[in-house]
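Have a look at the structure below before the remarks.
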Amino acid sequence: MTSRATLLVLADGRFPAGGHAHSGGAEAAVKAGRIRDAAGLESFCRGRLHTTGLTSAALAAGAAHGLDPYELDAAADARTPSPALRAAARRLGRQLMRAARATWPGPELDALAAAFPRGAHQPVVLGTAARAAGLGPEDAAHCVAYETVSGPATATVRLLGLDPFQATAVLARLAPAMDEVAAAAAAAARRGVDALPAASAPLLDLTAEQHASWPVRLFAS
């Protein structure tokens with residue numbers, strides 16, 4: 001039986017998985033003027049959720065379902081054309097792995113850590129951690145869907161001085177879309193690696209490469 005409390009622990013922004021250092025593309029979007037206020041944040045988050053968010057949620061759901069982690073990691077690589085985003089995903093995977101092994105130690109996490117000493121893609125690690133914690137594919141997908149929008153929302157509060165009440169209201173309005181994405185991701189995972197979505201956001205890839213070259217930036221990605 002799924003533990004709601006366990007799900008909250010994994011989804012909590014205070015879980016020491018390193019996500020606080022990443023803006024999910026929001027920093028570059030703010031600088032380019034694509035996020036200026038709460039309405040811009042909502043538009044950005046909705047787009048990210050239905051593209052890269054759906055793809056990452058499905059990868060995590062696949063790992064939680066028990067699909068081959070090697071195949072999932074290769075699928076994540078193929079779905080991440082930006083070298084900067086691939087590197088960020090593996091850094092986040094390493095950090096999440098440390099936290100997950102300390103919290104829910106088990107052979108599957110140990111095996112994944114040994115197979116990818118430089119870090120597997122973060123969604124693959126998250127799904128494996130969810131499985132080790134006794135959670136299911138849709139739980140893992142919900143975690144990814146939430147972090148897909150909560151990361152940029154938190155970053156935008158810091159970058160723009162946006163009213164945190166407005167940022168939280170954006171997340172609340174996106175809740176039905178998060179549920180929709182999580183359900184679609186879990187359904188795809190049950191059909192196997194070849195059925196996983198490959199939705200993309202080319203502008204996020206382009207701006208990630210530009211962001212990585214900035215000499216001064218507040219967030220790692």
Side-chain angles (χ1 to χ4, degrees), residues 11 17 19 22-26 28-29 34 42-94 96-97 112 115-116 118-131 135-152 174 176-212 221:
H22 296 259
S23 76
R34 286 188 288 274
E42 183 168 350
S43 178
F44 176 86
C45 287
R46 193 176 296 278
R48 190 168 191 261
L49 178 63
H50 285 288
T51 54
T52 58
L54 172 62
T55 299
S56 295
L59 290 163
H65 191 54
L67 300 182
D68 188 324
Y70 292 95
E71 291 185 18
L72 287 171
D73 195 76
D77 248 4
R79 287 160 170 77
T80 313
S82 162
L85 289 181
R86 286 199 299 272
R90 293 193 183 280
R91 285 198 302 271
L92 284 167
R94 285 197 304 272
L96 176 57
M97 178 63 77
L112 186 63
F116 296 96
R118 295 185 178 181
H121 276 263
Q122 192 264 5
V124 179
V125 179
L126 189 148
T128 307
R131 184 175 172 86
L135 301 173
E138 196 154 344
D139 298 316
H142 267 107
C143 284
V144 173
Y146 179 70
E147 71 178 18
T148 294
V149 296
S150 63
L174 289 172
M178 286 187 252
D179 289 342
E180 176 187 333
V181 164
R190 287 190 283 270
R191 297 195 298 272
V193 174
D194 291 341
L196 297 181
S200 63
L203 186 57
L204 285 178
D205 295 319
L206 292 171
T207 55
E209 292 302 308
Q210 296 166 3
H211 182 270
S221 70

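No experiment lies behind these values; they were computed from the predicted model shown. Side chains included, hydrogens not; waters and symmetry mates left out as well; all remaining heavy atoms used.
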Distance from D205 atom CG to Q210 atom CD, nearest 0.5 Å?
11.0 Å
Give every donor-acceptor pair under 3.5 Å between a side-chain atom in residues 68-84 and any protein atom, sequence neighbours left out.
residue, atom, partner, partner atom, Å
D68, OD1, Y70, N, 2.7
D68, OD1, E71, N, 3.4
D73, OD1, R90, NH1, 3.4
D73, OD1, H121, N, 2.8
D73, OD2, R90, NH1, 3.2
D73, OD2, R90, NH2, 2.8
D77, OD1, R90, NH2, 3.4
D77, OD1, H121, NE2, 2.8
D77, OD2, R90, NH2, 3.4
R79, NE, P197, O, 2.9
R79, NH1, A75, O, 3.2
R79, NH2, L196, O, 3.0
T80, OG1, A76, O, 2.7
S82, OG, A84, N, 3.3
S82, OG, L85, N, 3.2
S82, OG, E209, OE2, 2.5

Can you find a heavy atom in the side chain of L126 that is under 4.5 Å from one in the side chain of C143?
yes
About how many Å separate CZ of R86 and CZ of R91, when rounded to the nearest 0.5 Å?
12.5 Å
Do you know which two heavy atoms are closest between P123 and L59, and how far apart they sit?
CB-CB, 4.0 Å
Please assess R48 against V149 for the test side chain to side chain contact (heavy atoms under 4.5 Å, CB included), listing each intermediate value before the final yes or no.
CA-CA 7 Å; R48 190 168 191 261; V149 296; 5.9 Å; no
Sidechain-backbone polar pair: S23 side chain, S221 backbone, donor-acceptor under 3.5 Å:
yes
Looking at T207 and L204, would you say the former's side chain and the latter's main chain have a donor-acceptor pair under 3.5 Å?
yes
Tell me the closest heavy-atom pair linking T55 and A199, and the distance in Å.
OG1-O, 2.8 Å
R34 versus F44: any side-chain heavy-atom pair under 4.5 Å?
no
Tell me the closest heavy-atom pair linking A141 and A185, and the distance in Å.
CB-CB, 4.0 Å
Quick one: does L174's side chain get under 4.5 Å of C45's, heavy atoms only?
yes
What heavy-atom pair brings A140 and G127 nearest, and what distance separates the two atoms?
CB-CA, 4.2 Å
If we only count heavy atoms from C-beta on, is the V181 to H50 side-chain gap below 4.5 Å?
yes
Can you name the nearest heavy-atom pair linking A201 to T51, along with the distance?
CB-OG1, 3.7 Å
Side-chain heavy-atom pair H65, R131 within 4.5 angstrom cut-off
no
Which atom names give the shortest non-hydrogen contact between L54 and A184, and what distance separates them?
CD1-CB, 4.2 Å
Would the distance check show the side chain of H142 and the main-chain N or O of E138 forming a donor-acceptor pair, the cut-off being under 3.5 Å?
yes
Are E147 and Q122 packed together at the side-chain level, in the sense that at least one heavy-atom pair is separated by less than 4.5 angstrom?
yes
